**Q** 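Following this message is one structure expressed as structure tokens.
Just so it is clear, the model here is predicted, and its values are computed rather than measured. We name chains A, B, ... by the order of the sequence lines, and we start the count at 1 in each one.
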Amino acid sequence: MLQKKELPKLNEGFARIVFCHNENDVEATIKAYTALGPLDTLSNGCFGQKNPDAKIQLGIMKFLKKVEAPSNVGSSSDSVQDSAYPQASDANNICCKGTAKESLLLGVASKEVKESENLAKGSVDDDVSVDEITTLAFPSISTADFQFNNETASDIIVEKVEEFVNKLENARLVLVDLTHGSKILSLVRTKAEKRNIDSKKFFTFVGNITQLYSQGGLRCNVIANAANWRLKPGGGGVNAAIFTAAGLALETATKERANSLLPGHAVVVPLPSDSPLYTREGVSHVIHVLGPNMNPQRPNSLNNDYNKGCSILREAYTSLFTGFLSILRSRSKLPRRISEKLALTPLDLKDPSLDPRNHLTNSDQKIKRDDGCVYERSKKCKGANDETVADISAPSSTYGKVTGDKSKLEGPTSKTWGSWAQALYHIAMHPEKHKDELLEVLDDVLVLNDLYPKACKHLLVLARHEGLDGLVDVHQEHLQLLMTMHAVGLKWAEKLLHEDSSMVFRLGYHLAPSMRQLHLHVISQDFNSNHLKNKKHWNSFNTAFFRDSVDVIEEIKNHGKATIKDEDSQLSMELRCHRCRSAHPNIPRLKSHISICQAPFPHALLENGHLVLAPKT
DNA sequence: GTTCTAGAAC
DNA sequence: GTTCTAGAAC
């Protein structure tokens, strides 16, 4: 209903929403406001007026039966939701629905929280909270600098959104572009409409992805970055904007997770609470994504190979959305009281104890945080209190009671483990007792040298979660952990490559590990070690017994578990060179062969990131 | 996971 | 004779 009494006056710094019942109401409203000053058409279904003194824009949202979407709407506005509003036959009906109201609020929220409170109170009857919605804002991947065809990219975006949108529960996805005339937004919008994708769960938005809340009133807890492969600031576009807006905190947090990214992959980085993006915009995570590159001027150009390109772009969106889902899942594990506070903006969080980022759950999985607060706290705890690590493990755990008991201990998969097989488990549970052996200590993982390396360089990335003895225990909810383990392993491989660029690394898990506690092998492919002594040693790294980390991650993403089969048969297979595939009668003969074999690695290994090599110079 | 060692393979 | 494997014990 047009609320004419609200029309004449708009205080400085305030915005107002006017609910219109029908086209006539909208026209009348626009007319009334036009009388007060020039009115801009901001975008489809949305009009605005810039008040130069107030520095805030007034918006009038139009809710009608069906609005044709013009792809080009010139405007000087900063940002505005780009159509895709819920549509219904009666505007009042929409107004009564929380989701529509959220859209309204999001569309024209003002700059300061105080102001938006006033906005809500002044113009909207019911107080409907939008706070419980978790939102991922993402730019179109690869269509800008990487010159990926917009038409094809829009198909893939819509396809992937459609695939994930039903898994979101109370969350949503927003495709963001800086410009109003954005071709990709227009294409995606049209195609999403055609496929009847729920516009409450997915819509497009015009605005700066680093100012969605402060300038556009759209609260996005998670934003995606179209990153470069080195995960470094600079370049241009979204990457430069996000790194600049997030400050050094993002660079540091990113470095802890990964040093580089393969095309088609994504890495979730929790944003430290001192980052301006966190304090100003309420962004808790940045997900770096690397898409395929079609630009010959940029590294790893695919030379217009759209077969590969499409497959990598699909992978990129899968990784991005899966990363987002893992954030949702870890949030949903928070106790109710905390999750209720989750969507509070940082401005609302006067009491740091209310900040969910400062909490650990009581469940058997810690909510991983390496932002300043928690990291500092956990470090302090380690010094003061030996129970820190025990706090992480499950109080309700029924296995793995670490006592002096020499008897075999049961793990979660009820496999029995000899006392000798518990060494990694002990390290994972009590890293403070093994400081000298550890190369790196992070919230979720530890890095250490394998005690009996089977190659010149052989590291282990050890999960710290209790209850994960091996791959068999890994499920969908561990996806984020697997990605962290991979990223940390990759980081170390690259560090070692820096010291010796002739090395080649492979990252993977043993199908049936001898040692309890999930660990990722990062192993150089020279296999030049006196500790490699028998057929089992060789085959555990050079048959299907060795499961590449990238493949395991894919399997968990797609099927929720890793395929475990034929573990024993792999270990007794004939001995074959991992490069030229020639067979050898015994270990000494094989070893003398691999010391000289220069054959290229098999295609299956060279493709899809199974091997980590130094970049070609 | 390693070490030890009997016995098979050469 | 030596070399190498594979199973038991830890």
**Q** The side chain of A:M515 is closest to which nucleotide in this list: C:dC4, B:dT2, B:dG1?
**A**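 Of C:dC4, B:dT2, B:dG1, B:dG1 is nearest to the side chain of A:M515.
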
**Q** Side chain of A:K535 only, please: which of B:dT2, C:dA6, B:dT3 is the nearest?
**A**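 Shortest atom-to-atom distance from the side chain points to C:dA6.
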
**Q** Let me see the working for A:E554 and A:K557 under salt bridge (Lys or Arg N to Asp or Glu O under 4.0 Å), right down to the final yes or no.
**A** CA-CA 5 Å; A:E554 281 307 303; A:K557 272 183 197 170; 3.4 Å; yes

**Q** Rounded to the nearest Å, what distance is computed from the CZ atom of residue A:R589 to the P atom of nucleotide C:dC4?
**A**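 Atom CZ in A:R589 sits about 9 Å away from atom P in C:dC4.
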
**Q** Below 4.0 angstrom from OP1 or OP2 of B:dT2, is there any side-chain N or O of A:K454?
**A**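 Yes, because at least one side-chain N or O of A:K454 sits under 4.0 Å from OP1 or OP2 of B:dT2.
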
**Q** Send over the distance from A:W538 CH2 to C:dT5 C1', rounded to a whole Å.
**A**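 My rounded result for the distance is 18 Å.
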
**Q** Looking across every strand, which nucleic acid part, if any, lies under 4.0 Å from A:N534 by heavy atom: base, sugar-phosphate, or nothing?
**A**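 Here A:N534 touches no strand at all.
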
**Q** Got a sec: does the NZ of A:K591 have more than 12 other heavy atoms crowding it under 6.0 Å?
**A**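 More than 12 within 6.0 Å, yes.
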
**Q** Cation over ring, A:K535 on A:W538, under 6.0 Å and within 45°?
**A**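 Geometry flag: not set, cation outside 6.0 Å or 45°.
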
**Q** Can you classify the ring geometry of A:F138 versus A:F321 as parallel (below 30°), tilted (30 to 60°) or perpendicular (above 60°)?
**A**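 Perpendicular: the ring planes of A:F138 and A:F321 meet at over 60°.
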
**Q** Starting from P on B:dG1, measure out to OH on A:Y425 and report it in whole angstrom.
**A**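 Nearest whole value for this atom pair: 19 Å.
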
**Q** Hey, is A:W420 doing a stacking thing with B:dG1, by the 5.5 Å centroid and 30° angle criteria?
**A**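 Given the distance and angle limits, yes, they stack.
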
**Q** Kindly point out which of C:dA6, C:dC4, B:dT2 is positioned nearest to the side chain of A:Y452?
**A**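 For A:Y452, the side-chain atoms sit closest to B:dT2.
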
**Q** Round to a whole Å and report the spacing from CD1 of A:I587 to P of B:dA8.
**A**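 Atom-to-atom, A:I587 to B:dA8, this comes out as 21 Å.
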
**Q** With a non-hydrogen cut-off below 4.0 angstrom, is A:L451 in contact with a base, only sugar-phosphate, or nothing?
**A**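 Counting heavy atoms under 4.0 Å across all strands, no contact is made by A:L451.
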
**Q** Base, sugar-phosphate or nothing for A:K536? Non-hydrogen atoms, less than 4.0 Å.
**A**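 No contact.
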
**Q** What contact category does A:H519 fall into here, base, sugar-phosphate, or nothing, at under 4.0 angstrom with non-hydrogen atoms?
**A**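 Result for A:H519 = nothing.
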
**Q** Nearest-Å distance, NE2 (A:H531) to P (B:dG1)?
**A**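 Answer to the nearest Å: 13 Å.
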
**Q** Rounded to whole angstroms, how far apart are CG on A:D450 and P on B:dT2?
**A**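 In whole Å, B:dT2 P lies 8 Å from A:D450 CG.
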
**Q** Figure out the CG/P separation between A:L532 and B:dT3, and round it to whole Å.
**A**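 Between P of B:dT3 and CG of A:L532: 13 Å.
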
**Q** Is any side-chain N of the basic residue among A:E163 and A:K160 closer than 4.0 Å to the acidic one's carboxylate O?
**A**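 Yes.
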
**Q** Figure out the CG/C1' separation between A:L575 and C:dT5, and round it to whole Å.
**A**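 Distance check: A:L575 CG to C:dT5 C1' gives 11 Å.
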
**Q** From C-beta outward on A:H537, which listed nucleotide comes closest to its side chain: B:dG1, C:dT5, B:dT2?
**A**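 Of the options given, the side chain of A:H537 lies nearest B:dT2.
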
